[in-house]
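Structure first, commentary second.
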Amino acid sequence: MNAVFARPRAMTEQKTHYCPGCTHGIIHRMVAEVIDELGIREDTVGVAPVGCAVFLYNYLDIDMQESAHGRAPAVATGIKRVLPDRIVFTYQGDGDLASIGTAEIIHAAARGENITTVFVNNAIYGMTGGQMAPTTLPGQFTSTSKAGRNTQSAGFPIRVSEMLATLEGATYISRVSVHNPAHVIRAKKALLKAFTVQKQGLGFSMVEVLSTCPTNWGLKPTEALAWLEEKMIPYYPLDEVKNRLEV
Amino acid sequence: MAKTGWVIFAEEQCKGCELCINACPKKLIFLTERLNQSGYPVVGATETDKCTGCAMCYLMCPDLAIKVERWTVP
Amino acid sequence: MRTLMKGNEAIGEAAVRAGCRCFFGYPITPQNEIPEYLSGRLPEAGGVFLQAESEIAAINMVFGAAGAGARVMTSSSGPGISLKQEGISFLAGAELPCVIVNIMRGGPGLGSIQPGQADYFQATRGGGHGDYRTIVLAPCSVQEMVDFTYWAFELADRYRSPVLVLADGVLGQLMEPVTLPPELKPDNGNKPWATTGCRGRKRNVIKSLYLNPEELEAHNKKLQEKFGLMQREVNRAEKYRVEDAETVLVAFGISARISMAAVEAVREEGIKAGLLRPITLWPFPEGILQSSLPKAKKVLVVEMSAGQMVEDVKLTVSGKLPVYFYGRTGGLLPSAEEIQTQIKLLEVKVSERSLCQA
Amino acid sequence: MQHEVLVAGFGGQGVLLTGQLLAYGGLLENKEVTWFPSYGPEMRGGTANCIVIVSGKRIASPVVERPGAALVFNQPSLLKFEAKVKPGGLLLVNSALATQLPERKDLYTYLVPANEVAQSLGQILVANMVMLGAYLELTGAVTFSSVLKALEKTLSEQRRHLLSVNREAMEQGAQLVSQQARKYHTR
């Protein structure tokens, strides 16, 4: 036996509360693997958001703080400034990061805060029951855009990665997806880079992960993967949006 | 050099989402009729001798329900 | 040795001497000298000063830093403190120690930048959502700005709770002589609950979410026990000439200083007045107030608000004596002369009443 | 004895500094002192004032509605603060800039052409010290030497040489008022 793919050390044994097929679990696992591979499990402090991923602290076997909705980058800033030699990351959904917490993420990036953000974009509010998110696609049906997102009244979805990439303080920003194994492998590489940027003290890093919400999209898990690929990727192109230092 | 592998499903973790079924290049995984204690139908594998241990199923499983071991056979 | 310091700067210096090496804030008048002072002093002392993008961000940075085990402070004034309430509730829920300074101004809304005391309810009732209280210390001099900031850090750590220092624009801008306390070494140790990376131990989680109602109730009970403990252990007030006083004034902060001048003036005219100055606004020093009324016939509460602490005074006196109120709002200060007039008016009122009763 | 004095003028006249030097001087004499500035938009609008109390005992209120004395450095301050001074109190007017005479007859009023004196000393910035010297001569709130010690601490190394012209300004202010009879009105 020369290879084993199993639960990473940085994950607890706890079963997740996510709906069947929700790709949060894949992203959790990748974060845990990156922590293990960098050997930083005992030096890492994570910040959980408000939203579906609020229970992240139940699944990752590391020190964690839970933050108020949208405030994770501020909380992470507080931790990192006190413990500059630890690895500090936030894990945030699109409502948390791109709506209520827009100010916090922009300014954390602008300061070049040496933290890493895992931004999970599934184009909808999951926890509260499928309302329109700042990243909901034009025409997308949600419980607060019943006729489909009308850009006349509800405006346009925000491309957070591109927006943050304009900031000098942002060192590494990448948008990835988890809709098939090949992309999962790429996503993991991006996460590894982002955490490495922080480990080397190079400034703000973020990986935007396009993710599914089968329950609130009203699709089977496998259909949700297809929907992500067909609908989301054209609006949110997968790319290493910024790699200022060519890490 | 051929690769051979072994997949173990932690049935109590499985939510029957079928993402692994989708991912398996050899189409060895299928949804069984067995329900676990949470009430989800769980997956199983057939013709396991064909498994190469590629771990695509592991990569796509959101619930850490899959463990893959892989050997390289000279 | 005494030095002359401005109230706001004195708070900053006291924080550093209390071992605080972390400040997160956002500009708002009349507290700006606190961040201004610390922006120079903290980096000098090897600490962190960060001007946040908003008060909301600042209080959440405080949350992170407190969770990482640091002595940390933020300061603001009314409108900014309102924005911080979300974070204060989270800090209280997650039981994180920190010091929050409110240099009050006139409200509501944008109000004015002139001094006020109308944040009393906000401060003493928790202020944010959920069942919680925070210790509230009310200095009335620059020396007390120093002493209470120093004390606030100790209380915050002792009870793992946010502690508020509630002063106003006058005290923030006022210069007075102060004796500075000895400088404590910053000590982030002895906080086994802090999230510092789980080296050699089980992981720590700092949170305030308990979706299971029984668990949340248990958490609330534990918090309430702690608040009960605070009520028994943290009670402070200053008595001034109350032993024979027939009229006892109750006032805090700068209102108390002005009331003291009024008491001195009416005493010269033979009116037996005294002053009880609550120092802890929460817990409200009920016992000390009750013991300050041996000869009292009436109580007069003086505040720079439309009447907030007067409710706590009434609850404490519980109908045994008439409680009167005199207040100014809008950023105006009650003058000693006005307070003297009120005391004299009450003399008349009470004697009229005793006539009626006779 | 409690000395309460309001110092008022426009920004740049050293109004706040004058008050601080007085308070600092009191501190050096181990007295109780308070210095309370007006703050707010008027700070930006150009006018400035502060109230200083120097006392031998604990100071009750640092906020005084009717101070025992006022130093007014310009005309608008005279108009605004003349009425505030306690009856029988002391009003010192910088007559170089406040050209109208005070109206009240129940105050001890002194006219001090502070800017002119300062100009004659070749250092216009010390007009405030002329006023302060006059005030100290009349009240003895603190000694000249305490104020100068306080000033020495606030001056940077390169500006220490200004100490003597400040002392001269104070002395001239003192001289000016000691020549004037102690009287209620000058008109």
Side-chain angles (χ1 to χ4, degrees), chain A residues 1-33 52-53 58-61 120 122 177-189 209 211-215 219-226 228-229, chain B residues 1-43 45 48-49 51-74:
Chain A
M1 182 165 59
N2 54 17
V4 178
F5 301 88
R7 181 175 291 270
R9 169 66 189 90
M11 284 206 90
T12 64
E13 291 298 325
Q14 191 152 346
K15 200 168 149 182
T16 71
H17 69 292
Y18 297 111
C19 304
C22 166
T23 43
H24 260 307
I26 300 177
I27 305 165
H28 284 17
R29 193 202 73 230
M30 291 191 294
V31 170
E33 285 176 355
C52 288
N58 287 336
Y59 310 133
L60 291 184
D61 192 13
V120 179
N122 62 7
S177 171
V178 289
H179 65 280
N180 66 31
H183 279 94
V184 169
I185 290 166
R186 261 177 247 169
K188 163 95 175 285
K189 280 186 186 147
V209 188
S211 181
T212 64
C213 184
T215 301
L219 298 172
K220 281 177 55 185
T222 45
E223 292 169 354
L225 294 183
L228 186 164
E229 186 175 11
Chain B
M1 285 201 301
K3 280 193 177 132
T4 180
W6 186 247
V7 183
I8 305 157
F9 299 107
E11 293 193 352
E12 283 312 313
Q13 306 271 345
C14 181
K15 292 174 184 160
C17 71
E18 305 183 39
L19 297 195
C20 54
I21 298 177
N22 218 32
C24 179
K26 304 273 182 191
K27 301 291 167 208
L28 304 179
I29 309 174
F30 66 99
L31 198 62
T32 69
E33 287 178 0
R34 284 197 307 283
L35 301 182
N36 64 15
Q37 286 177 15
S38 308
Y40 292 117
V42 299
V43 291
T48 49
D49 53 322
C51 175
T52 62
C54 73
M56 297 294 162
C57 53
Y58 166 85
L59 289 178
M60 290 307 291
C61 176
D63 294 293
L64 277 302
I66 302 174
K67 185 179 169 187
V68 179
E69 295 171 2
R70 182 202 291 169
W71 295 267
T72 306
V73 183

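A note on names: the letters A, B, ... follow the listed sequences, proteins ahead of strands, and every chain is numbered from 1. Owing to the predicted nature of the structure, the values given are computational and were not obtained by experimental measurement.
Residue B:I21 does not touch chain A at all, counting heavy-atom pairs closer than 4.5 Å. For A:M11, the part sitting under 4.5 Å from any heavy atom of chain B is the side chain, from C-beta outward, and nothing else. Residue contact with chain B, scored on non-hydrogen atoms closer than 4.5 Å, involves the backbone of A:V178 exclusively. The parts of B:D63 that come within reach of chain A are both its backbone and its side chain, each placing non-hydrogen atoms under 4.5 angstrom from that chain. Heavy atoms of A:H183 lying under 4.5 Å from chain B are absent altogether. For A:H179, the part lying under 4.5 angstrom from a heavy atom of chain B is the backbone only.
When all heavy atoms are compared, the tightest approach of B:L64 to A:R29 is CD1-CG, 3.6 Å. Contact detail for A:A6 and B:Y58: the closest heavy-atom pair is O-OH, 3.1 Å. Nearest approach of A:I26 to B:M60, heavy atoms of both residues: CD1-O, 3.2 Å. Across all non-hydrogen atoms, the minimal contact from B:Q13 to A:E13 is NE2-O, 3.7 Å. Contact detail for A:P20 and B:C17: the closest heavy-atom pair is C-CB, 3.7 Å.
A donor-acceptor pair is defined here as one N or O able to donate and one able to accept, closer than 3.5 Å; no such pair exists between the side chain of A:R7 and the backbone of B:K67. B:K15 places no side-chain N or O within 3.5 Å of a backbone atom of A:C22 that could act as its donor or acceptor partner. Within the 3.5 Å criterion, the main-chain N or O of A:F5 finds no donor-acceptor partner in the side chain of B:R70.
Annotation: the span from B:N22 atom CG to A:E223 atom CD amounts to 10.5 Å, rounded to 0.5 Å.
A 4.5 Å side-chain heavy-atom check between B:V68 and A:V4 finds every atom pair outside the cut-off.
With chain B as partner, the option from A:I185, A:I27, A:T23, A:N180 having the largest number of non-hydrogen pairs under 4.5 angstrom is A:N180.
Other residues, nucleotides and ligands contribute at most 12 non-hydrogen atoms within 6.0 Å of the NZ atom of B:K26.
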